[in-house]
Amino acid sequence: MPLLVGLAVFTTHFKTDISAFVIAGDNAEEILLASEIQSGALSRRYILSVDAGEHNQVSGDFIQAWLKHIKSISGVVDAWATDEKRGALGALSSLYAQHGAQLYSRYPEQDLAKIFTKSALQERGAGLKQALLSPQGHLIKKIAVQDPLLISLNGFKSIATQLQNQTPRNSQYTNFILETQMSGMDVPAQLKIQQQIKDSFATQTMAMGHDYQLDMTGVPLFAVATQTMIEGDVKFISIFSSVALMLLFLFIFRSFRVLIWVFSLLITVMTVAVLVTNLVFGSVHGMTIAIGSTLIGICIDYPVHALVHAQGLHQVQRLRVIKKIFPSLFMGALTTLIGYVALGFSGYPGFQQVAVYTGTGIIVSLLLTRYLFPRLMSGEAKNIKPFRFTKFWPMFCQRNRRWLLVGVAILSVVGAVQLDRLQWMQDLQQLTPELDYLKQIDKKIRERIISIEPGRFVLVSGETVEQALQTAEQVYQRLDVINKAGDLDDYFGLYPWLLSEQQQLTNQARLLAALNEEQREFWRIALQEQGLSVRHLGELDYTQSETLNLQQVLQSPIAKLISNQIVVAEQRTLLIIWLSEHKPEAIQGALADLPHVQYFSQRDMLNRLAVDYQHRAEITLLAGLALIICLLWGRYKNLVTTLQTLAPAFLAALLILALWAWTGEAISFLHLVGFLLAVAICVDYGIFYQENRSGHLTLTYQAMAASMLTSALVFGCLIFAQTSMLQTLAKVVSCGVILGFLLCPILIKPK
């Protein structure tokens, strides 16, 4: 056992990213996007917002000093104000001026018709002189030498408006982007960075005598909060449930020796389960451990039954009795295994791990109980005094069985009638209300920056960058139409930063075709009228042969402006077009016929997953019940006995469902998964009570009571978790196993 524990500790890779446990993409684009959110630029960035308070403004000296300080933090790649334009302006002269003929427009026919007229060229000449005399004259001079018509700035008219709109509506706020070197899911590193950001902010505000407030958002914030919550749950539940289970075990068996036997077996079981899960998936999720800790309450059932039936006997008799009751243990383990394995098909990606983890544990526990545990038992034979309730309740049910059956039947009918009132949870975000405070902060900060709708954008994909860019240009045209119709306020694509090579060559060819000698003469006259140098600005040479490519843009200061809009993988490129306020149905309708283009809404995707998971859970529940019925029918060869054995578990689940329907609380697919687990566990009780292989009904019910208490206790401990998903499982399964235990003597006639 120590060797197994050591192997598990030093070889297992643990994860705590909740998105990896909850969300799975339905297609290559969504899978790649999820990967980008977990490890790409989207995951490495924070949005920092400094609030100076009402009627105040953030000091420029403070901004410069604090930016310098946070840039020096280890692991920080860069930090910049969201309205910072210096990098973009510098790139206009160093990169974009030489590509003016290729990037001036997405509608070259329309724009060329406006440029190459005598009056338009005269206006451009006047505009060039005015620009050279402006505060940005030094920049315009560098551009004009390469692009006298300044057509490279043509596409930036719209981006200038967008950059202006990014300025906070209220000057009391100043917003920053901070990018880290490591993934947002590298929680230990991100936790240190977050703490240093807060410490530096506190130090700077105190040093400069300001009373500013700092708000932060970004994927790393959610990752740290989630991991902290899950780690806390895992530690607390593991320790609390283990201590509570030990106390319960001592209360039942009153023996430290027995406690050591059983918990040595359980430690071995859980260690093997961790090793197998890590071997299959390459890692073990924290939620798997948290949910899997309930495995203790299941796997302990088998040694409990062995103890109750055999602890009062001598060694030879113990082996004989355990061998006698083993068929019931095996059938009980098989039905429980069906419930846990069905988790793998419930829709939740993380439950595939839970299925492997718990399935392995159940099998190992059963085998150890049968072949090793009887030989661990030592010491004198010791009878376990039955609980009074385990004597009273079966006898009471036998005496009043008819009336109790009538009562259960009435409750079942009333419960079945209530089922049509069930309300289904359609939004997966409701499963994590514990993170609502972060969602509210995120919304508050984004409202200060720009009117982009978070989580809603157009996703364009292609096998190559060129293919994705060409498709995006078709999308721009459709969005322009929607914008003019008033159904879209604005959108933020890669243009004017980049166009496809095809569009660049088309632009250049049409410009050169339109630029004849007459147009050149008009331009020279316009320059002379403004007193500008014809020798330096009169030559309109737009024959630049090389087109601008993505690699050049990503190596320029522009990279930090567009890196959250493009994801390049080996076989797929994704382009993200951010949207301002819009009508979703208008966007979806306009883009419906474009291949490899989809309107993406994070909330809609989660809602779709919720419905999909619900349907899968319903199918899983029915399939699991059908398989359990088939197993019981194959064993008993009698339909009445089969239904009688299943009845306590099925009616327990039905009554719980009816309770949820009556209270009006919305339920999710997670509730159905919990019901399946409750049924799978409660069927064990039906099997044990139906077969009563020891021939001693009170002893059998005593073993069932011990099993029920351990299962209810372990699952019940999940109610103290911060994670709502664990709390849901706690309520459903704990109530289910208690009800199933109580219903057995009523619904099953003892032999």
Side-chain angles (χ1 to χ4, degrees), residues 33 36-37 40-42 45 47 80-85 87-89 91-92 96 103 105-107 153-169 175 177 179 217-218 442-443 445-461 465 468-500 503 550 553-554 556-568 573-584 586-588 590-591 594 597-602:
L33 184 63
E36 173 68 11
I37 291 173
L42 290 174
R45 288 185 176 180
I47 302 178
W80 64 94
T82 56
D83 59 349
E84 183 178 312
K85 309 178 186 68
L89 293 175
L92 293 180
Y96 285 91
L103 296 169
S105 178
R106 290 188 290 108
Y107 302 99
L153 302 180
N154 204 51
F156 289 92
K157 293 176 182 177
S158 61
I159 209 74
T161 303
Q162 292 173 346
L163 285 170
Q164 187 175 4
N165 290 339
Q166 287 189 29
T167 304
R169 300 182 182 90
N175 307 299
I177 303 294
E179 184 171 332
T217 188
D442 180 81
K443 182 180 178 181
I445 291 175
R446 293 183 187 277
E447 286 176 348
R448 298 173 182 174
I449 301 175
I450 192 169
S451 58
I452 287 179
E453 293 201 17
R456 293 179 185 269
F457 50 85
V458 175
L459 189 64
V460 179
S461 68
V465 173
L469 287 170
Q470 290 181 22
T471 305
E473 285 153 14
Q474 297 179 55
V475 174
Y476 298 152
Q477 294 176 2
R478 305 283 181 94
L479 294 179
D480 286 338
V481 174
I482 302 172
N483 176 255
K484 290 178 181 177
D487 293 332
L488 169 65
D489 281 0
D490 205 350
Y491 66 90
F492 305 83
L494 283 183
Y495 183 75
W497 308 115
L498 189 61
L499 283 174
S500 67
Q503 184 65 49
L550 177 64
V553 177
L554 293 180
S556 75
I558 302 301
K560 62 186 180 184
L561 299 179
I562 69 166
S563 57
N564 66 340
Q565 291 182 260
I566 186 163
V567 181
V568 180
T573 297
L574 298 183
L575 299 183
I576 299 170
I577 303 174
W578 300 107
L579 304 172
S580 291
E581 188 174 344
H582 62 277
K583 294 181 179 179
I587 305 290
Q588 291 171 316
L591 305 179
L594 289 179
V597 175
Q598 61 176 307
Y599 171 74
F600 187 94
S601 168
Q602 184 179 13

Query raised in the report: Are the side chain of Y491 and the backbone of F457 linked by a donor-acceptor contact shorter than 3.5 Å?
Result: no

Query raised in the report: Would a distance-only check, ignoring hydrogens and angles, find a side-chain to backbone donor-acceptor pair under 3.5 Å from R478 to L591?
Result: no

Query raised in the report: Do L153 and Y96 pass the side chain to side chain contact (heavy atoms under 4.5 Å, CB included) test, and can you show the C-alpha distance, the side-chain angles, and the key distance before you say yes or no?
Result: CA-CA 8 Å; L153 302 180; Y96 285 91; over 6 Å; no

**Report entry** Closest non-hydrogen atom pair between L575 and A472, with its separation
**Finding:** CD1-CB, 3.8 Å

Requested in this report: Give, for atom CG of L479 and atom CG of D490, the distance between the pair rounded to the nearest 0.5 Å.
Outcome: 10.0 Å

Query raised in the report: Nearest heavy-atom pair of V460 and A468: which atoms, and what distance?
Result: CG1-O, 3.6 Å

Query raised in the report: Does the side chain of L494 come within less than 4.5 Å of Y476's, by heavy atoms?
Result: yes

Query raised in the report: How about L554 and I562: do any of their side-chain heavy atoms sit closer than 4.5 Å?
Result: yes

Report summary line: Taken to the nearest 0.5 Å, the spacing of T471 OG1 from E473 CD works out to 9.0 Å

Query raised in the report: Can you name the nearest heavy-atom pair linking S580 to D489, along with the distance?
Result: CB-CB, 3.9 Å

Query raised in the report: Where does the angle between the aromatic ring planes of H582 and Y599 fall among parallel (under 30°), tilted (30 to 60°) and perpendicular (over 60°)?
Result: perpendicular

Report summary line: dist N175:CG -> I47:CD1 (nearest 0.5 Å) comes out at 8.0 Å

Query raised in the report: Hey, mind stepping through L550 and V568 against side chain to side chain contact (heavy atoms under 4.5 Å, CB included) and telling me if it holds?
Result: CA-CA 10 Å; L550 177 64; V568 180; 3.9 Å; yes

Requested in this report: Dump the intermediate steps for side chain to side chain contact (heavy atoms under 4.5 Å, CB included) on I576 and L459, then the final yes or no.
Outcome: CA-CA 5 Å; I576 299 170; L459 189 64; 3.9 Å; yes

Report summary line: One should read off an interatomic distance between I558 CD1 and L498 CG, to the nearest 0.5 angstrom, of 11.0 Å

Report task. Provide the closest heavy-atom pair for L499 versus S105 in the form atom of the first, atom of the second, distance. Result -> CD1-O, 3.7 Å

Requested in this report: Output the distance between atom CD (Q503) and atom CG (L469), rounded to the nearest 0.5 Å.
Outcome: 11.0 Å

Query raised in the report: Is Q565 reaching over with its side chain to a backbone N or O of F492, donor-acceptor style, under 3.5 angstrom?
Result: yes

Query raised in the report: Can you tell me how far CD of Q477 sits from OH of Y107, rounded to the nearest 0.5 angstrom?
Result: 5.0 Å

